[in-house]
Amino acid sequence: MSGPSDFQPTNPALKWIERRLPIMGLVHSSFVAYPTPRNLNYWWTFGAILSMMLALQILTGVILAMHYTPHADMAFKSIELIVRDVNYGWLLRNMHACGASMFFFAVYIHMFRGLYYGSYKEPREILWILGVIIYLLMMATGFMGYVLPWGQMSFWGATVITNLFSAVPYFGESIVTLLWGGYAVGNPTLNRFFSLHYLLPFVIAGVVVLHIWALHVAGQNNPAGVEAKTEKDTVPFTPYATIKDAFGVSCFLLFFAWFIFYMPNYLGDADNYIPANPGVTPAHIVPEWYYLPFYAILRSIPNKLAGVVAMFGAIVILAFLPWLDNARTRSSKYRPLAKQFFWIFVVVCLGLGYLGSQPPEGIYVIAGRILTFLYFAYFLILLPLLSRIETPRPVPNSIADDVLAKHGSKVASVLVALVVAGGLLVGGTQNARAEDHGVAPPGNKWSFSGPMGKFDRGALQRGLKVYKEVCASCHGLSYVAFRNLAEAGGPGYSVAQAAAFASDYKVKDGPDDKGEMFERPGRPADYFPSPFPNENAARAANGGAFPPDLSLITKARSYKRGFPMFLVDFFTQYQEQGPDYVSAVLQGYEDKPPAGFSLPEGSYYNKYFPGHAIKMPKPISDGQVTYDDGAPATVAQYSKDVTTFLMWTAEPHMEARKRLGLQVFVFLILLTGLLYFTKKKVWANAH
């Protein structure tokens, strides 16, 4: 479609460059004068959105890599230090982590659009196959990136997925050993995955260039599925497609910013805020939401090798779609049966995603097998059959005729349906990940919840006092420095007060001139010291139980809220399940267990703790800590205050995040409005 450019620069320097390297002519022919079908709808905007997301992921990834330490002993801590100590490190982390989900969300819409409108048909077979290759590379890149935080779910996800290669006959064990760099997932595995995760996005960018090249050779498909015949069928890419894509990208950024600034952990897993522990397996090992349909296919087949083949086959089969569907009519818009079965296929994919988030037992396994059969039947049976028996409706003679025809706009309703379906999928995942919790903790009203939420300074200072007098004897705050107490958004202490607070602690330092370790008063730059020298000492002092570090406890704990609350939570920005849980556990102790409950020796009954048997004795009681400001000295008040303080230790930049988010939203709303009216003005001449 795009041929030699007639672009001629007027500047002498640019003329000299253009004669030797006609890069400006290439850009002009490909992105300015390139003829674009005039009937493209907003589903085509996701191509531009994906280009933006790829650039954003590469940019944020390169910056994060400058601060990340790919070592099993330091990876988890290095990410926490990025979030806490690097200028706007929390923003980079949120953009990259949430960006992965947004990237897959956009690519799935892009792929379903191609399926619906027949964008894989002749002469665009190579274009489609390159798209499948990009998707496979994205899957690999996303998986290896998910391993890098080296949290519990990262570690065990890597263990489970890499073990799948052991099903390969003859070479399976050798492949797994090569991936691991040893005989278990460990430091060599982390180094391999970091190197590949850094490299593959640039490979993806290279394949994307080929993808765009193939697009410009074959030309863009369009909703009518007919080729452009005259100049009336097309418009120049710039300004028409450019302004339309800019408006679509701006709308997408509003959706993206919602997660970055207000719901950064909504799509994540609480277990990934727990450092990787090879000795403790999570109750449910569940991959990220964008892998769930294929995970369900894998688990639905009892044979390991057959399951792996089916899982990879579910992706590879997409590359053969141009030859499986021989129908002459491209667009399902004019194929009544194909349209109905397409939406059934979408429901099947969403169903597989939901089943992938559930435990592999009972009805979930049976339903997974049924939907797996329907998934493959769509490609191998239904599409070849429809191409022979279906009678399509008349197709417009030209793109111009399709533009003149009246079509109802369903974009908004479909987008709402996709958001709701995605919420159901994520909610199902949250339920599966937290179903081992017994009684759901009651919800609380926290000062820091919502888009305008802020920490209560009095609660932070009282909570710090409860921590120091009660919790610090067993639990550390290894990611919190004394200087943080005087930083903006924190408890509100002055620098002098933070230094005085630090001096109350004894910090081990050295060696001195004699080569010996010594203790000195704490300084603002020091971190809260651990109450025990090592894990074994901590277990010995606590009846074999290991008291967790409390720096991230409010993000490392969660529970299910059930339908429809998880969907309501998305719109109300409620992400305080962790604080709810911590506060409830502190108040959930009961003197006697219910009748019929067998309490293990050395344990205490807590109705909110998973399994209800907790090793930690009741930590607080009424009147245990005296408040200077006259606040009630009750367990309920202690629980609320110390939980507020622990929420700050987990999210020290939360107030800055929400404040910047409000500014970004105001800017994006104004930008989107301006782009919309500009688009209307530009396109007024084309209709």
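- The CZ atom of F665 sits 10.0 Å away from atom OG1 of T672, with the distance rounded to the nearest 0.5 Å.
- The structure places CE of M616 at 10.0 Å from CG of N542, a figure rounded to the nearest 0.5 Å.
- Here side chain to side chain donor-acceptor pair (under 3.5 Å) pairs that include residues 67-78, with residues two or more places apart or in two chains, number zero.
- Using a 30° and 60° split on the angle between ring planes, F255 and F570 fall in the tilted class, from 30° to 60°.
- Classification of the F104-Y290 ring pair by plane angle, with boundaries at 30° and 60°, yields parallel.
- Scored by the salt bridge (Lys or Arg N to Asp or Glu O under 4.0 Å) test, K640 finds no partners at all (sequence neighbours excluded).
- Using a 3.5 Å distance cut-off with no hydrogens or angles, the side chains of S101 and W289 do pair a donor with an acceptor.
- Pairs of residues two or more places apart, or lying in two chains, that qualify as salt bridge (charged side-chain N to carboxylate O under 4.0 Å, His left out) and include a residue from residues 624-637 are R462-D629, K465-D628.
- The two residues W150 and A75 make their nearest non-hydrogen contact at CB-CB, 4.0 Å.
- Among all heavy-atom pairs drawn from P521 and K506, the shortest one is CG-NZ, 4.3 Å.
- L552 CG to T649 OG1: the interatomic distance, rounded to the nearest 0.5 Å, is 7.0 Å.
- Residues that satisfy the ring pair (Phe, Tyr, Trp, His ring centres under 6.0 Å) test with F143, not counting sequence neighbours, are F193.
- Atoms CD1 and OH, from I614 and Y605 in turn, are 12.5 Å apart once rounded to the nearest 0.5 Å.
- Ring centroid separation for the pair Y638 and Y627 comes in under the 6.0 Å cut-off.
- Distance CZ/F155 to CG/L190: 11.0 Å, rounded to 0.5 Å.
- In this structure, K454 and F448 have side chains that are not in contact, with every pair of non-hydrogen atoms separated by 4.5 Å or more.
- Ion pair K445/D580 not flagged as a salt bridge, since none of the NZ, NE, NH1 or NH2 atoms sits closer than 4.0 Å to an Asp/Glu carboxylate oxygen.
- Taking the ring centroids of F256 and F261, they lie at or beyond the 6.0 Å cut-off.
- Under the 30°/60° scheme for interplanar angles, the aromatic rings of F645 and Y467 are found to be tilted.
- The CZ atom of F103 lies 9.5 Å from the CE atom of M52; values are rounded to the nearest 0.5 Å.
- Put simply, the side chain of S551 gets close to the backbone of S478: a donor and an acceptor are under 3.5 Å apart.
- Ring pair F482/Y505: centre-to-centre distance below 6.0 Å.
- Applying the side chain to side chain donor-acceptor pair (under 3.5 Å) criterion to H96, with sequence neighbours excluded, gives T60.
- The heavy-atom pair separating P70 from N191 by the smallest distance is O-ND2, 3.2 Å.
- More than 12 heavy atoms of other residues, nucleotides or ligands shown are found within 6.0 angstrom of CG on D512.
- In this pair, F597 and H612 present their aromatic rings perpendicular. The plane angle is above 60°, beyond the 30 to 60° band.
- Across V147 and S154, no two heavy atoms sit closer than the pair O-CB, 3.5 Å.
- Ring pair Y581/Y559: centre-to-centre distance not below 6.0 Å.
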Table please: side-chain donor-acceptor pairs of residues 492-504 below 3.5 Å, with sequence neighbours left out.
from, atom 1, to, atom 2, distance (Å)
S494, OG, Q497, N, 3.1
S494, OG, Q497, OE1, 3.4
Q497, OE1, S494, N, 2.9
S503, OG, A500, O, 2.6
D504, OD2, K468, NZ, 3.2

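- Under the 4.0 Å criterion applied to side-chain N and carboxylate O atoms, R93 and E651 are not assigned as salt-bridge partners.
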